[in-house]
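Below is one structure; the comments refer to it alone.
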Amino acid sequence: MKPFGSLRTHGAGSLRAAHADETVTVAGWVARRRDHGGVAFLDLRDASGVCQVVADPTASEALAAAHDVRGEWVIRVSGRVRLRPEGMANPSLATGDVEVAASELEVLSPADTPPFPVADERDDVDEAVRLRHRYVDLRRQGPARALRLRARATSTIRRVMDAHGFVDVETPMLTRSTPEGARDFLVPTRTGPGVCYALPQSPQLFKQLLMVGGVERYYQIVRCFRDEAQRADRQPEFTQLDIEAAFIDEEDLYALVEELMGVLMSEVVGVEVATPFPRLAYDDAMARFGTDSPDMRFGLELVDCGAVFADTAVGVFAGALNAGGSVIAVMLPGGGQLTRKQFDEWVDWAKGRRARGLAWGVVESGEGGVTLRSPLSKHMSDDEIAALLRITGAEVGDAVFFGAGPTEFTRELMGALRVALARAHDLVPSDQWRFVWIVDWPLFEWDAEEGRWESLHHPFTAPREADLDKLSGEPEAVRARGYDLVLNGTELGGGSMRIHHPQVQQQVFEILGIGPEEAEEKFGFLLRGLRHGAPPHGGIALGLDRLVMLMAGEASIRDVIAFPKLSGSDPLTDAPAPVGGEQLREVGLRPLSMGT
RNA sequence: GGACCUGUGGAGCAGCCAGGAGUGCUCACCUCCCUGUCAAGGAGGAGGUCGCGGGUUCAAAUCCCGUCAGGUCCGCCA
């Protein structure tokens with residue numbers, strides 16, 4: 001195929017001084033027009049960029065056509081490329097040294113007035129408006145770049161995976177609903193009333209069966225579906241880079257993913273990241289950062305103050321500690337500059353996250369030395385203050401925030417505070433790329449509400465060999481062969497070495513409260529597969545949208561998806577939409593009467 | 001499911017706290033003028049159920065209640 005197609009000879013953005021005196025044909029959208037009556041300038045935009053077209057009375061038909069043209073019309077222009085007159089070059093344009101002197105100007109498509117400014121690069125148009133007219137929005141520089149960056153990323157991924165002998169295999173989109181996990185999207189069919197396909201939340205079981213099937217190395221860039229509340233980094237349909245390999249262990253997987261990320265960062269972002277990536281135990285991540293996806297680009301780590309306040313007279317601290325909870329501090333360097341009002345706002349912020357409160361103190365130099373100015377300081381002993389300053393490293397002019405309460409809750413609260421403080425005080429270096437593996441996960445966690453054990457990752461995660469004997473007696477002590485990959489505080493994805501013994505799988509199901517019959521009914525195809533010679537295997541699933549979002553420097557995965565959904569619906573098509581009674585009847589459904 | 005924020009010509013905002021005529025700004029749109037602009041310039045013009053419903057009031061974009069839509073966060077997301 002010709003580089004720019006048969007309808008034109010050059011890309012608008014490709015013209016340079018070297019093209020001077022060539023006769024070219026360019027085609028694209030009218031980005032701007034500057035009509036002086038006797039001469040008219042049009043900025044012509046296509047995928048390659050923008051160039052200036054000039055029409056003057058030497059070609060009166062072209063000039064007349066240029067008068068009538070409007071923004072976003074699609075036009076084709078033939079003419080001679082010429083160097084702009086002395087002093088008229090536009091250095092802010094790649095094509096700014098030249099212009100196309102139109103001899104012919106043809107309107108290929110007129111266009112309605114754009115619903116919002118296209119040429120304007122300010123990103124302040126309401127997102128719902130942009131997405132309703134996404135076909136216009138995609139012409140803008142930001143979205144256009146994001147799509148192309150995403151394409152470069154997927155292309156690079158395929159090249160690296162192919163080079164390692166991975167086989168790209170497609171797995172079904174119409175599959176069966178599985179228990180646990182997120183809500184499924186259901187697809188009723190005319191097969192029978194009450195019978196539904198489900199869209200896959202991930203190809204997890206299929207990729208394991210591919211391992212049983214001897215594929216050995218599988219990958220897929222695959223759409224996944226989860227019917228859950230949306231967030232800035234969540235969509236009902238999203239894309240995973242799904243990877244699985246046989247006869248490997250964790251180290252093989254880490255090395256592969258680190259190589260892949262290194263190549264991606266280098267080729268797509270132009271950044272060299274150091275490998276191997278650091279590894280952080282789950283427990284340490286929770287203790288130091290209050291989250292399983294820590295942002296390692298800045299400090300402000302959580303400090304456990306339990307020892308400092310073991311015998312404290314501060315009521316809320318003593319209460320938390322006596323109840324088996326924790327007192328956790330976050331030290332904000334220079335935080336002494338915060339006003340009382342600002343501290344109060346942080347207290348409100350904490351209360352908004354269901355915390356009972358948030359304590360704070362400012363380190364100051366007083367008569368007898370260093371003191372802590374705080375609503376709580378009159379209850380604190382000098383020894384406590386001294387110890388506190390020692391373990392937090394706080395100095396004069398710094399502030400210390402305290403959370404007190406149940407350990408897990410307080411860690412997560414202070415972890416969120418750490419991130420919020422860092423952002424509010426501009427302590428997050430935006431040019432750093434900190435990957436970290438989170439390892440040593442527990443296999444199960446206790447769901448107090450439901451009164452049962454749940455998989456922290458998923459039920460097919462292998463327990464550590466050494467912990468196998470604990471499966472029956474103490475599930476809480478069983479460690480998983482799982483791992484998450486985190487980049488700059490965003491969970492890119494996770495994976496594990498899988499269970500390849502049907503007996504172990506059966507045992508895990510039992511702990512999760514899935515009896516043999518239910519297991520056979522829901523996962524029979526997996527269990528049968530595992531009985532037919534399953535190699536040791538494992539893999540990972542990485543959120544492609546999130547990865548591309550970070551690489552593109554965007555704030556939402558919606559920015560790197562061609563046609564994203566807003567909360568609950570597709571702004572472009574207005575899906576989901578009602579379907580007719582006949583269509584419903586065919587799939588065995590009847591509309592519920594509305595009301596009540 | 002919950003909390004908070006937002007909703008004003010096509011786009012982005014101000015007006016709201018402290019009620020007084022749809023008042024204002026930037027851009028876009030339409031007509032005319034204009035031969036070197038690049039966010040072109042000049043003159044004129046059109047375009048509104050102030051998200052929707054109710055209440056208070058002599059009077060509501062403004063105050064109150066409800067509701068809808070979108071966003072962010074919490075819950076949820078193996």
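Small disclaimer: the values here were computed from a predicted structure and weren't measured. Just so we're on the same page: letters track the sequence lines, and every chain starts at 1.
Asp184(A) places no side-chain N or O within 3.5 Å of a backbone atom of Leu186(A) that could act as its donor or acceptor partner. Using modelled atom types, one side-chain atom of Ser103(A) and one backbone atom of Ser78(A) make a donor-acceptor pair closer than 3.5 Å. The main-chain N or O of Pro172(A) is never found under 3.5 Å from a side-chain atom of Thr175(A) such that the two would form a donor-acceptor pair.
Considering only side-chain N and O atoms, Arg226(A) lies nowhere under 4.0 angstrom from the phosphate OP1 or OP2 of rC76(B). A sub-4.0 Å separation between OP1 or OP2 of rG71(B) and a side-chain N or O of Ser567(A) is present. In terms of phosphate contacts, Arg231(A) brings no side-chain nitrogen or oxygen within less than 4.0 Å of OP1 or OP2 of rU72(B). Distances shown here put every side-chain N or O of Arg33(A) at or beyond 4.0 Å from the OP1 or OP2 atom of rG41(B). Distances shown here put a side-chain N or O of Arg34(A) below 4.0 Å from the OP1 or OP2 atom of rA40(B).
The separation between Arg130(A) atom CZ and rG70(B) atom P is 16 Å, rounded to whole Å. Counting to the nearest Å, the C1' atom of rA40(B) and the NE2 atom of His67(A) are 15 Å from each other. Between Asp68(A) atom CG and rC29(B) atom C1' the separation is 16 Å, expressed in whole Å. Separating the CG atom of Asp292(A) from the P atom of rC77(B) is a distance of 13 Å, rounded to the nearest angstrom. A straight line from CG of Leu417(A) to P of rC73(B) spans 17 Å, rounded to a whole angstrom. For the pair Asp35(A) CG and rC30(B) P, the interatomic distance rounds to 12 Å; values are reported in whole Å. Between the CD atom of Gln235(A) and the P atom of rC77(B) there is a distance of 19 Å, given to the nearest Å. Straight-line distance from the CD atom of Gln230(A) to the P atom of rC73(B): 12 Å, rounded to whole Å.
Counting non-hydrogen atoms under 4.0 angstrom, Arg234(A) reaches a base of the nucleic acid. Using a 4.0 Å heavy-atom distance criterion, Arg558(A) is classed as a sugar-phosphate-only contact. At a threshold of 4.0 angstrom between heavy atoms, the contacts of Ala229(A) include nucleobase atoms, whether or not backbone atoms are also involved. Counting non-hydrogen atoms under 4.0 angstrom, Pro571(A) reaches nothing in the nucleic acid.
Using a 4.0 Å cut-off between charged nitrogen and carboxylate oxygen, Arg45(A) and Glu72(A) count as a salt-bridge pair. A salt bridge links Asp43(A) to Arg34(A): at least one charged side-chain nitrogen sits closer than 4.0 Å to a carboxylate oxygen. Using a 4.0 Å cut-off between a side-chain N of Lys or Arg and a carboxylate O of Asp or Glu, Glu476(A) and Lys470(A) do not qualify as a salt bridge.
Partners of Phe402(A) under the ring pair (Phe, Tyr, Trp, His ring centres under 6.0 Å) rule, at least two apart in sequence or in another chain, are Phe317(A).
Separating the C1' atom of rG20(B) from that of rA3(B) is a span of 36 Å, rounded to the nearest Å. A gap of 12 Å separates the C1' atoms of rA61(B) and rG51(B), to the nearest Å. Taking the C1' atom of each, rU37(B) and rG47(B) are spaced 29 Å apart, rounded to whole Å. With P as the reference atom, rC58(B) and rG15(B) are 28 Å apart, rounded to whole Å. Distance noted for atom P between rC68(B) and rG53(B): 15 Å (whole Å). Rounded to whole Å, the separation between the C1' atoms of rG9(B) and rA28(B) comes to 12 Å. Going from the C1' atom of rG19(B) to that of rC63(B) covers 8 Å, rounded to whole Å. On the P atoms, rC4(B) is 24 Å away from rC77(B), given to the nearest whole Å.
Across all strands shown, nothing is found opposite rU56(B) as a Watson-Crick or G-U wobble partner with both distances under 3.5 Å.
Within 6.0 Å of CG in Asp112(A) there are 12 or fewer heavy atoms belonging to other residues, nucleotides or ligands. More than 12 non-hydrogen atoms from other residues, nucleotides or ligands lie less than 6.0 angstrom from CD of Glu445(A). The environment of Gln342(A) atom CD is dense: over 12 non-hydrogen atoms of other residues, nucleotides or ligands sit within 6.0 angstrom.
For the pair Arg183(A) and Arg32(A), both in contact range of RNA chain B, the more 5′-proximal nearest nucleotide belongs to Arg32(A). With the nearest nucleotide of RNA chain B identified for both Gln201(A) and Ala232(A), Ala232(A) has the one nearer the 5' end.
Within residues 74-99 of chain A, the residues approached by RNA chain B to less than 4.0 Å at the level of any non-hydrogen atom are Arg82(A), Arg84(A), Pro85(A), Met88(A), Ala89(A), Asn90(A), Glu99(A), in residue-number order.
Annotation: cation-pi pair Arg418(A)/Phe298(A) present, NZ/CZ under 6.0 Å from the ring centroid and within 45° of its normal.
Between Phe225(A) and Phe238(A), the gap from one ring centroid to the other reaches at least 6.0 Å.
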Check nucleotides 8-11 of chain B for protein N or O atoms closer than 3.5 Å to its own N or O atoms and list the pairs.
unit_1	atom_1	unit_2	atom_2	d
rG10(B)	O2'	Pro115(A)	O	2.8
rA11(B)	O4'	Pro115(A)	O	3.4

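Residue-nucleotide stacking is present for His36(A) and rA40(B), judged by a side-chain ring centre under 5.5 Å from the six-membered base ring centre and planes under 30° apart.
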